[in-house]
Amino acid sequence: MDPAEIEFIAEDQMVEIIPKFNHLNLIHLISGDVGPFRAGIPVKVPLWLAINLKQRQKCRMVMPEWMSLDTLSQIKEDEKGSRFFIKMPSEHYMEMSHMILDVGADDIANLDQVRTLIKDIWDLRISKLRSSIDTFVKSGGGHATLNHLTRFEINSIRTILCDVLGTMLSLKDASCEVDVMNATTTQSQSQS
Amino acid sequence: MIESEPAENEDENYLSVQKVLETIKTAWRNEKLSPEILPNKMEYVDCMLEQIKQMEDNIEKLRKDDIRIEIHRMEIERIRYVITSYLRIRTENAFLSADEMKYARDYLKSVDNHFNKYLNLLPPNLRTLEDKNKLIKPDLNSYVFLRAGKDVPNVYIKDMSENKEDEFVLDEGSQHILPYESIAESVKNGDVELM
């Protein structure tokens with residue numbers, strides 16, 4: 001999948017905004033109702049709408065709670081301390097934070113620190129992912145459980161890992177066929 | 001008008017439109033990641049296109065400076081993107097236009113010529129090549145990532161190192177990487193989603 005498409009999927013996630021306009025009736029979107037919008041009163045909308053309103057200067061973005069320095073630092077520590085991938089507060093933490101930090105920059109305090117913490121968490125998880133893939137491939141493949149890995153993380157290793165496993169499988173099949181052929185040859189020889 | 005449209009008795013209907021949209025989005029994501037063509041969801045697509053048409057008619061009736069116009073248009077564009085992309089993946093795999101058909105026929109002819117040229121050099125009993133051996137089949141053994149939407153028992157996976165099959169249960173919400181073939185049915189019936 002194209003990373004842009006995973007961002008597109010992430011844009012359906014709900015986020016909070018503070019509108020700068022009033023629209024007191026609900027807006028009936030196909031994907032569900034949004035609103036009512038009252039200037040200064042926080043309201044939840046899909047991220048794609050938040051980005052659009054923000055770009056038109058019709059709202060301020062509110063960072064999700066998990067993007068606070070405290071929460072991110074805690075996540076980073078937990079990720080460091082755990083052998084497994086920890087459950088992230090959002091399945092789209094990487095894409096969402098990327099878009100929110102990009103579009104909502106002027107609404108966000110500690111922008112650089114938030115960005116650095118997210119990058120640290122990503123790096124920790126990706127390095128954990130690389131070493132578990134190494135173990136998985138060396139064990140001969142077959143099946144692995146990858147709980148709490150996000151779509152974006154999976155996408156970063158999909159092509160290479162699926163290629164490697166596919167090749168391993170076909171080599172294994174080929175060597176089985178050779179075994180079978182050898183066995184038949186020996187058999188027919190012993191019969192003759 | 002859009003504002004007054006969903007009266008109380010339409011609430012149920014309204015929910016199901018969301019459900020239709022979710023179904024299409026899931027089908028789109030799965031189709032992109034699946035090595036084979038999945039059962040089509042055309043009735044959902046048709047229903048959604050109808051819904052979009054109604055919405056566009058309603059937008060026409062709004063005042064030009066209404067803030068809702070751009071919001072509805074944007075949502076419609078997003079849904080159109082998903083539907084177009086979904087149909088494109090399926091078309092690439094399944095249907096051919098007249099020109100593509102001609103290309104495919106010519107290609108097959110040239111492959112046949114090529115094979116026949118060399119097959120005739122082989123001993124007579126090896127000269128026939130069945131059509132099924134010429135097909136490039138989707139590799140159903142290719143690995144996929146997935147999440148189980150519910151408990152999925154009886155998943156059999158080949159153990160590559162020992163040439164046997166192992167049985168697994170996929171717990172609801174768990175994520176795995178495994179050969180597509182072992183969960184193909186669960187993808188088709190919606191028990192698991194490809195990631």
Side-chain angles (χ1 to χ4, degrees), chain A residues 1-2 5-6 8-9 11-12 19 21-23 25-35 37 45-46 48-49 51-53 56 58 85 91 133 136 139-155 157-158 161-166 168-173 176 179, chain B residues 2-6 14-15 17-18 20-22 25 28-29 32-33 35 48 51-52 54-55 58 66-68 70-72 74-79 81-82 85 139 141-147 155 157-163 166 168 170-171 173-180 182 194-195:
Chain A
M1 258 189 177
D2 190 326
E5 274 170 336
I6 302 184
F8 176 86
I9 295 170
E11 283 171 351
D12 283 338
F21 64 100
N22 289 301
H23 187 91
N25 292 320
L26 290 177
I27 299 180
H28 303 295
L29 296 177
I30 293 174
S31 53
D33 294 350
V34 292
F37 297 91
V45 296
W48 60 263
L49 181 53
I51 291 172
N52 177 267
L53 291 173
R56 294 197 281 157
K58 289 191 181 301
F85 299 99
E91 285 180 59
I133 288 173
F136 176 51
S139 77
H143 160 253
T145 302
L146 295 163
N147 287 341
H148 305 322
L149 212 56
T150 67
R151 209 176 258 277
F152 201 73
E153 290 161 344
I154 287 174
N155 205 55
I157 47 131
R158 184 195 319 281
L161 182 57
C162 292
D163 273 3
V164 167
L165 292 171
M168 282 171 62
L169 203 63
S170 59
L171 288 175
K172 190 73 205 171
D173 279 354
C176 286
D179 285 349
Chain B
I2 294 175
E3 216 66 303
S4 56
E5 184 193 277
Y14 197 66
L15 261 182
V17 174
Q18 276 174 264
V20 168
L21 182 56
E22 282 313 312
K25 285 184 194 164
W28 169 61
R29 295 191 296 257
K32 279 192 97 70
L33 297 169
M48 187 49 65
Q51 193 68 33
I52 287 177
Q54 274 178 29
M55 184 65 94
N58 287 336
D66 196 308
I67 190 165
R68 288 171 291 171
E70 182 164 338
I71 296 177
H72 283 301
M74 216 180 147
E75 187 190 37
I76 289 174
E77 284 314 308
R78 290 177 59 83
I79 299 173
Y81 171 78
V82 172
S85 174
D139 182 5
N141 267 325
S142 60
Y143 278 77
V144 290
F145 292 88
L146 60 101
R147 176 184 296 153
V155 176
I157 302 166
K158 263 192 230 161
D159 184 328
M160 290 206 286
S161 46
E162 291 180 38
N163 217 356
D166 291 332
F168 289 88
L170 309 183
D171 296 329
S174 62
Q175 298 178 179
H176 309 265
I177 176 168
L178 40 75
Y180 174 76
S182 45
L194 299 180
M195 288 185 83

[atom1]-[atom2] distance between [X] and [Y], expressed to the nearest 0.5 angstrom:
X: B:M55; Y: A:H28; atom1: CE; atom2: NE2; answer: 9.0 Å
X: B:E75; Y: A:L29; atom1: CD; atom2: CG; answer: 4.5 Å
X: B:H72; Y: A:I30; atom1: NE2; atom2: CD1; answer: 8.5 Å
X: B:M195; Y: A:L149; atom1: CE; atom2: CG; answer: 7.5 Å
X: A:N52; Y: B:E70; atom1: CG; atom2: CD; answer: 4.5 Å
X: A:D12; Y: B:K25; atom1: CG; atom2: NZ; answer: 3.5 Å

Between [X] and chain A, which part of the residue has a heavy atom less than 4.5 Å away: side chain, backbone, both or neither?
X: B:L146; value: neither
X: B:S182; value: neither
X: B:S174; value: both

Quiz item: Quick one: side-chain contact (heavy atoms from CB on, under 4.5 Å) partners of A:F21, sequence neighbours excluded?
Solution: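 Listed in chain order: A:P19, A:H23, A:F37, A:L53, A:K58, B:I67.
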Quiz prompt | Any donor-acceptor pair under 3.5 Å from B:R78 side chain to A:F8 backbone | solution =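 The answer is yes, because a donor-acceptor pair under 3.5 Å joins these two groups.
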Would a 4.5 Å heavy-atom cut-off, applied to side chains only, mark [X] and [Y] as touching?
X: A:M1; Y: B:K32; value: yes
X: A:H143; Y: B:I177; value: no
X: A:R151; Y: B:R147; value: no
X: B:F168; Y: A:T145; value: no

Quiz prompt | side-chain contact (heavy atoms from CB on, under 4.5 Å) evaluation trace for B:F145 with A:L161 | solution = CA-CA 11 Å; B:F145 292 88; A:L161 182 57; 3.9 Å; yes
Quiz prompt | Pair A:E5 + B:R29, salt bridge at N-O below 4.0 Å | solution =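 B:R29 and A:E5: not salt-bridged.
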Quiz item: In chain order, what residues pass the salt bridge (charged side-chain N to carboxylate O under 4.0 Å, His left out) check against A:E153, with sequence neighbours excluded?
Solution: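 If we apply the salt bridge (charged side-chain N to carboxylate O under 4.0 Å, His left out) test to A:E153, skipping adjacent residues, the hits are A:R125.
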Quiz item: Taking all non-hydrogen atoms of both residues, which atom of A:S31 and which atom of B:L21 are closest, and how far apart?
Solution: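 Between these two residues, the closest heavy atoms are CB-CD2, 3.7 Å.
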Practice problem: Mind telling me whether A:F136 and B:Y143 have parallel, tilted or perpendicular rings, with 30° and 60° as the class edges? | Solution: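 If you compare the ring of B:Y143 with that of A:F136, the planes turn out perpendicular.
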Heavy-atom distances under 4.5 Å only: say whether [X] touches chain B with side chain, backbone, both or neither.
X: A:I133; answer: neither
X: A:I6; answer: neither
X: A:R158; answer: both

